[in-house]
Amino acid sequence: MIHSVSELLLDVTLAATEGGKMGVTDSVIKFFKDGGPFMFVNLFWLACSLAVALERIVTVVFRYNLPAPPFMEQIAKLVRSGNLDRAVKVCSMAPNSPLAKVIRAGLVNANRGEIEVAKAVEEAIVEHSPGVSKRIPWLWSLANIATLVGLVGTIFGLIGTFQALGNVPAEQKQVLLSDGISKAMNNTAFALSIAVLCIVFHLFLTSYAKGLVESMELNALKLENLLSRRGSVDPATTELESRAS
């Protein structure tokens with residue numbers, strides 16, 4: 001019994017030593033080769049997941065990024081001073097920001113009355129909100145697809161292994177069983193890793209996008225209240241709208 005345990009520990013040590021001698025690239029290649037063809041199918045879904053996540057991060061976190069408090073403070077000062085034309089130009093300086101587009105829609109219609117301002121702001125929110133959360137739900141679907149593909153790879157690996165066990169001598173069965181389990185576990189591990197990655201990106205992007213939409217709605221309401229308290233306005237409505245267009 002002690003001799004068997006010693007041999008087992010020796011085998012594990014030798015395997016760990018051989019694994020340590022392998023480079024990262026060799027280890028990855030071996031991991032995919034041992035996993036079989038479904039590993040490469042999931043590699044495609046991993047590339048799709050990363051492409052969607054990176055595109056959304058670049059768009060939502062960087063292109064749409066506009067610090068709301070200082071921006072709205074500047075807009076409020078210009079509105080209180082009656083300089084609506086300048087406020088519209090400030091919004092135009094951030095052409096990619098949904099918040100700036102919503103505020104600009106309200107400012108352009110400022111001299112048409114509170115009802116028109118509310119309608120313009122609501123229309124702008126409805127128009128630009130879907131672009132914030134666009135393609136983010138794909139990540140959840142990609143996580144499910146990767147998991148199912150990994151499960152299929154696992155099942156096929158086990159089926160092939162048990163079919164082969166009946167046609168080989170007894171001394172080779174342990175090797176075939178070990179290879180089959182390795183293929184099955186590699187598919188499962190890779191699929192679950194992709195799913196976890198997709199869920200993490202989905203959680204982060206969903207939370208960030210929700211914050212952007214809530215910021216748009218809150219600051220649009222602040223603009224409506226600000227314009228309603230503004231009192232009498234400049235009669236040059238036509239001139240302001242022509243400059244803003």
Side-chain angles (χ1 to χ4, degrees), residues 51-142 198-245:
V52 172
L54 291 176
E55 186 274 334
R56 285 290 85 194
I57 289 174
V58 170
T59 301
V60 176
V61 178
F62 295 102
R63 288 187 64 226
Y64 289 174
N65 183 40
L66 180 64
F71 171 74
M72 289 304 299
E73 184 179 353
Q74 186 177 7
I75 294 296
K77 288 180 180 178
L78 293 172
V79 171
R80 292 191 188 100
S81 64
N83 197 349
L84 295 180
D85 191 22
R86 176 61 182 165
V88 171
K89 290 181 180 179
V90 169
C91 294
S92 300
M93 292 172 63
N96 295 323
S97 172
L99 174 60
K101 293 177 182 178
V102 170
I103 299 302
R104 185 181 185 278
L107 292 172
V108 169
N109 293 274
N111 293 326
R112 292 184 175 182
E114 296 180 20
I115 297 179
E116 291 299 323
V117 170
K119 288 181 179 179
V121 166
E122 183 178 356
E123 181 180 348
I125 291 176
V126 173
E127 179 183 357
H128 298 295
S129 293
V132 176
S133 57
K134 183 171 60 175
R135 283 189 290 276
I136 294 178
W138 291 10
L139 292 170
W140 194 260
S141 299
L142 288 170
C198 289
I199 292 172
V200 170
F201 278 129
H202 183 273
L203 178 63
F204 167 73
L205 289 169
T206 300
S207 177
Y208 199 93
K210 183 179 179 181
L212 283 182
V213 174
E214 290 176 350
S215 176
M216 279 195 298
E217 295 174 348
L218 175 61
N219 288 295
L221 180 60
K222 288 182 179 180
L223 178 68
E224 291 180 33
N225 294 334
L226 183 64
L227 292 174
S228 66
R229 293 193 297 264
R230 190 168 138 262
S232 59
V233 296
D234 233 356
T237 306
T238 307
E239 181 182 355
L240 173 62
E241 292 174 355
S242 63
R243 289 182 183 178
S245 62

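Residue numbers start at 1 and run along the sequence shown.
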Checklist entry - About how many Å separate CD of Glu217 and CG of Leu221, when rounded to the nearest 0.5 Å? => result 9.5 Å

Checklist entry - Does a side-chain heavy-atom distance below 4.5 Å link Val121 with Ile125? => result yes

Checklist entry - Does the side-chain contact (heavy atoms from CB on, under 4.5 Å) test come out yes or no for Leu84 and Asn111, once each step is laid out? => result CA-CA 10 Å; Leu84 295 180; Asn111 293 326; 3.9 Å; yes

Next on the checklist: What I'd like to find out is whether the side chain of Tyr208 reaches to under 4.5 Å of the side chain of Ile136, using heavy atoms alone.
Outcome noted: no

Next on the checklist: For a side-chain contact (heavy atoms from CB on, under 4.5 Å) check, start with the C-alpha distance between Leu107 and Val79, then their side-chain angles and the critical distance, and finish with the verdict.
Outcome noted: CA-CA 9 Å; Leu107 292 172; Val79 171; 3.8 Å; yes

Next on the checklist: Just verifying a value: how many Å separate Lys119 NZ and Arg112 CZ, rounded to the nearest 0.5 Å?
Outcome noted: 11.0 Å

Item to check | Side-chain touch Arg80/Leu226, heavy atoms, less than 4.5 angstrom | outcome: yes

Item to check | For Pro137 against Ser133, the heavy-atom pair lying closest together | outcome: CD-O, 3.5 Å

Checklist entry - With sequence neighbours excluded, what pairs up with Thr59 under the side-chain contact (heavy atoms from CB on, under 4.5 Å) test? => result Glu55, Arg56, Arg63, Tyr64

Checklist outcome for this item: The reported gap from CD in Glu114 to CG in Asn225 (rounded to nearest 0.5 angstrom) is 9.0 Å

Checklist entry - What's the spacing between Lys210 NZ and Ser215 OG if we round to 0.5 Å? => result 14.0 Å

Checklist entry - Can you find a pair of side-chain heavy atoms, one from Val60 and one from Phe204, that are under 4.5 Å apart? => result no

Next on the checklist: Once rounded to the nearest 0.5 Å, what's the spacing between atom CG of Leu99 and atom CG of Leu66?
Outcome noted: 5.5 Å

Checklist entry - Distance from Asn219 atom CG to Glu214 atom CD, nearest 0.5 Å? => result 11.5 Å

Item to check | Non-hydrogen side-chain atoms of Pro98 and Leu212 separated by less than 4.5 Å | outcome: no

Next on the checklist: Any non-hydrogen side-chain atom of Ile103 less than 4.5 Å from a side-chain atom of Met72?
Outcome noted: yes

Checklist entry - Does a side-chain heavy-atom distance below 4.5 Å link Lys222 with Leu218? => result yes

Next on the checklist: Using the rule given for side-chain contact (heavy atoms from CB on, under 4.5 Å), can you reason through Phe201 versus Val52, listing the C-alpha separation, both sets of side-chain angles and the distance that settles it, and then say yes or no?
Outcome noted: CA-CA 10 Å; Phe201 278 129; Val52 172; over 6 Å; no

Checklist entry - If you take all heavy atoms of Ala120 and Ala105, which pair is closest and at what distance? => result CB-O, 3.7 Å

Item to check | Within-4.5 Å side-chain heavy-atom neighbours: Cys198 and Trp138 | outcome: no

Next on the checklist: Does Glu116, at its CD atom, have more than 12 non-hydrogen atoms belonging to other residues, nucleotides or ligands within less than 6.0 Å?
Outcome noted: yes

Item to check | Glu224 atom CD, over 12 foreign heavy atoms within 6.0 Å | outcome: yes

Item to check | Expected output: side-chain Thr206 to main-chain Leu203 donor-acceptor under 3.5 Å | outcome: no

Item to check | Considering all heavy atoms, the nearest Cys91-Ile75 contact | outcome: SG-CD1, 3.9 Å

